[in-house]
There are 2 protein chains.
Amino acid sequence: MAVTIRDVARDAGVSASTVCRALSSPELVKAETRERVRRSASALGYSPNKAARGLITGRTGNLGLIVPDLANPFFPGVVKGIQARARELDYAVFVADTDEVPTAEAELVQALAKQVDGIVLCSPRMSESALRPLAEQTPTVLLNRRVSRIPSVTFDNLDGMRQAVAHLTALGHRRVAYVGGPRSSWSNRERLRGLRTAAAANRLELVEVGNVLPQFTGGIAAADLVLAADVTAVVAYNDLIALGLLSRFRARDVDVPGHISVIGIDDIAMSAMVHPPLTTVSSPVEQSGRAGVDLLLDLMENPDRTATARRELDTHLTVRGSTGPLHRP
Amino acid sequence: MAVTIRDVARDAGVSASTVCRALSSPELVKAETRERVRRSASALGYSPNKAARGLITGRTGNLGLIVPDLANPFFPGVVKGIQARARELDYAVFVADTDEVPTAEAELVQALAKQVDGIVLCSPRMSESALRPLAEQTPTVLLNRRVSRIPSVTFDNLDGMRQAVAHLTALGHRRVAYVGGPRSSWSNRERLRGLRTAAAANRLELVEVGNVLPQFTGGIAAADLVLAADVTAVVAYNDLIALGLLSRFRARDVDVPGHISVIGIDDIAMSAMVHPPLTTVSSPVEQSGRAGVDLLLDLMENPDRTATARRELDTHLTVRGSTGPLHRP
DNA sequence: TTGAAAGCGATACCAT
DNA sequence: ATGGTATCGCTTTCAA
């Protein structure tokens with residue numbers, strides 16, 4: 001079948017060891033021999049078997065990536081960032097989708113652990129106590145989650161919320177709702193914390209209307225609760241929820257932003273495509289993926305020094321038509 | 001580090017061979033021994049190293065998947081379907097995104113070929129002559145593309161277009177535009193062919209307004225051409241383009257569906273979320289992914305007999321608010 | 001029913 | 001500078 005190192009060795013009239021060296025440590029081989037080997041290799045179309053190499057070197061050249069739900073456009077962005085960086089570094093990427101089932105996370109990590117050099121865990125929902133042993137077993141980087149002694153890439157949710165509240169305050173809003181996402185989401189907790197802090201600092205009333213699925217339907221479901229809460233603005237855990245709110249508001253003939261202002265988080269592409277376009281807290285999603293890969297490689301080379309490495313990326317408010325000044329009497 | 005088969009063997013007081021058999025060919029091992037081995041294995045948290053196994057069996061237990069652009073919500077759907085099926089069958093999946101760069105396809109196939117048992121090529125843009133040698137080298141299944149002697153899963157684009165035209169005809173439309181996607185897209189060619197056939201059969205005028213990127217911005221760009229074409233309805237290569245059309249129409253104060261009807265293809269989630277919601281030709285996307293995996297496994301077991309296996313999945317028109325009867329004078 | 005040993009493909013160490 | 005050999009973890013004859 002496939003051409004092996006021994007085929008090349010025979011063809012070039014040298015030993016397998018020499019072929020190996022000629023290809024991976026050229027400086028150790030006489031120029032003439034090296035050339036002969038290289039010619040044979042490319043003539044036969046040889047390329048080394050990564051699995052076999054990994055067996056002995058302990059490096060597979062593969063990375064693992066686990067995300068909660070590819071149907072949420074936020075995550076494909078992360079995947080693209082990771083892919084792009086991984087390809088630059090000549091790594092291949094296993095991708096697994098847990099379908100928002102927290103127990104699937106650990107299973108998938110276990111399944112991938114032996115065939116990858118490291119794993120990027122994106123927005124994991126599992127508990128810290130479940131997470132830490134996994135991270136000790138395989139080099140792991142967390143995205144959108146912070147856990148002590150595990151490297152992570154996060155967005156500055158606190159500052160994002162501060163910007164959102166500042167914007168609403170400037171527009172005259174005094175009473176604002178928050179539609180929460182999954183309770184097990186670290187981002188959700190951070191966003192809530194950021195909102196509380198910012199609200200207090202601005203003497204704004206914050207109404208928490210509960211937790212919903214981080215999806216369009218979650219927003220649909222929350223919309224009526226928001227209206228009943230008698231607020232003039234609402235911040236949603238993510239853009240999908242915010243889009244659900246917008247949709248339901250329209251169905252109920254509630255004017256946005258005339259009657260109520262809406263702010264989402266993530267800045268998924270769709271947010272700019274709807275009408276009115278959604279004001280949202282933008283995060284550099286692809287960049288977070290790239291940063292995750294870089295952190296992972298650091299970690300692999302240097303298990304201890306970088307164990308607590310952290311990148312926190314800036315967010316910024318993108319103001320669009322779904323927020324506006326308060327007109328109500 | 002990781003627990004190996006020998007650790008389990010020692011713990012259970014048997015040889016490595018027996019552990020291997022107990023786990024993969026249980027019927028060859030005495031029940032009692034088998035149980036003991038299994039207990040040791042799970043106590044130690046053993047799971048076999050796929051790479052090492054692959055070295056000897058020639059099977060890696062991995063699949064490769066190559067898609068043009070994860071940012072187009074159609075593709076994450078495919079990925080989810082493939083993942084789900086692959087996980088059921090205990091396969092892990094490499095995912096690679098070409099960013100719509102056709103030359104990246106072959107490179108990625110080459111890079112993955114040696115570490116997977118088979119590859120699913122989703123909507124490949126490369127030429128047939130480039131495709132065929134790749135498919136001969138590694139078991140390959142095509143999604144959304146048909147090439148002789150390579151197994152494939154496709155949607156019944158022709159019938160989908162027939163349904164779309166029937167719908168528009170029933171509403172009274174006589175002159176319809178088509179906004180094309182990438183010229184190198186097989187689906188685009190099929191859709192165009194289907195439209196031409198159906199238009200002729202219904203004595204409908206079909207205006208082809210050129211090819212655009214299969215993205216929201218493509219639709220924005222095409223909208224003005226469509227308006228200038230003096231049609232009462234437009235079919236777009238995909239939903240993203242259709243959403244771009246809707247957006248631009250709204251910006252130009254063109255009423256949909258009062259002044260013009262719009263039909264997309266794919267039925268991505270967003271299509272139901274906008275206003276007016278988009279009429280579209282729905283395809284069973286996740287199912288196509290699952291079918292792709294099944295075809296691939298057939299092919300692996302049976303390289304010759306199934307070389308030309310084909311699945312064509314039914315599509316159906318989902319009518320929503322973006323199409324309506326003709327009111328114009 | 002079980003164990004010993006060979007070997008998959010590549011690499012790394014030890015000789016020469 | 002090059003070759004021989006052991007080894008990675010697992011599966012698979014072949015014997016017992």
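Just so it is clear: chains get the letters A, B, ... in the order the sequence lines come, proteins before strands, and each one is counted from 1.
Within the model, atoms OG1 of A:Thr18 and CG of A:Leu28 stand 10.5 Å from one another, a figure rounded to the nearest 0.5 Å. Here the CG-OG1 distance, from B:Leu296 to B:Thr140, works out to 7.5 Å after rounding to the nearest 0.5 Å. In this structure, CG in A:Leu295 is found 12.0 Å from CE in A:Met300, a value given to the nearest 0.5 Å. The structure places CZ of B:Arg146 at 11.5 Å from CD of B:Glu128, a figure rounded to the nearest 0.5 Å. Here CD of A:Gln115 is found 12.5 Å from CG of A:Leu63. Values are rounded to the nearest 0.5 Å.
Test B:Ser123, B:Cys122, B:Pro124, B:Pro68 against B:Thr98 for side-chain contact (heavy atoms from CB on, under 4.5 Å) and you get one pass: B:Pro68. The one candidate from B:Val141, B:Leu131, B:Leu65, B:Leu143 that meets the side-chain contact (heavy atoms from CB on, under 4.5 Å) condition with B:Leu121 is B:Leu131.
Of the two residues contacting DNA chain C, namely B:Leu28 and A:Arg53, the nearest-nucleotide position lying further toward the 5' end is that of B:Leu28.
Rounded to an integer number of Å, the gap from NZ of B:Lys114 to P of C:dA10 is 11 Å. Rounded to whole Å, atom P of D:dG9 lies 10 Å from atom OH of B:Tyr46. A straight line from CZ of A:Arg59 to P of D:dC8 spans 19 Å, rounded to a whole angstrom. Note: CG (B:Leu23) to C1' (D:dG9) measures 14 Å, nearest angstrom. Atom P of nucleotide D:dG9 and atom CG of B:Leu44 are separated by 15 Å, given to the nearest angstrom. With rounding to whole Å, A:Arg10 atom CZ is found 14 Å from D:dG3 atom P. Put simply, CG on B:Leu55 is 17 Å from P on D:dT7, counting in whole angstrom units.
The side chain of A:Ser15 places no N or O atom within less than 4.0 Å of a non-bridging phosphate oxygen (OP1 or OP2) of D:dG4.
Of the listed nucleotides (C:dA10, D:dT11, C:dG3), C:dA10 has the atom at the smallest distance from the side chain of A:Asn49.
Here A:Arg290 does not pair with A:Glu286 in a salt bridge; the nearest charged N to carboxylate O distance is not below 4.0 Å.
Looking at residues 30-37 of chain A, you'll see A:Lys30, A:Thr33 sit with a heavy atom under 4.0 Å from some atom of DNA chain D.
Listed by first and then second residue, the salt bridge (Lys or Arg N to Asp or Glu O under 4.0 Å) pairs involving residues 50-75 of chain B are A:Lys80-B:Asp69 (not counting sequence neighbours).
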Between protein and nucleic acid, restricted to nucleotides 12-16 of chain D and to nitrogen or oxygen atoms under 3.5 Å apart, what atom pairs and distances do you find?
unit_1: D:dT12; atom_1: O4; unit_2: B:Ser17; atom_2: OG; d: 3.4

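Note on A:Val19: nothing from the nucleic acid sits closer than 4.0 angstrom, heavy atoms only.
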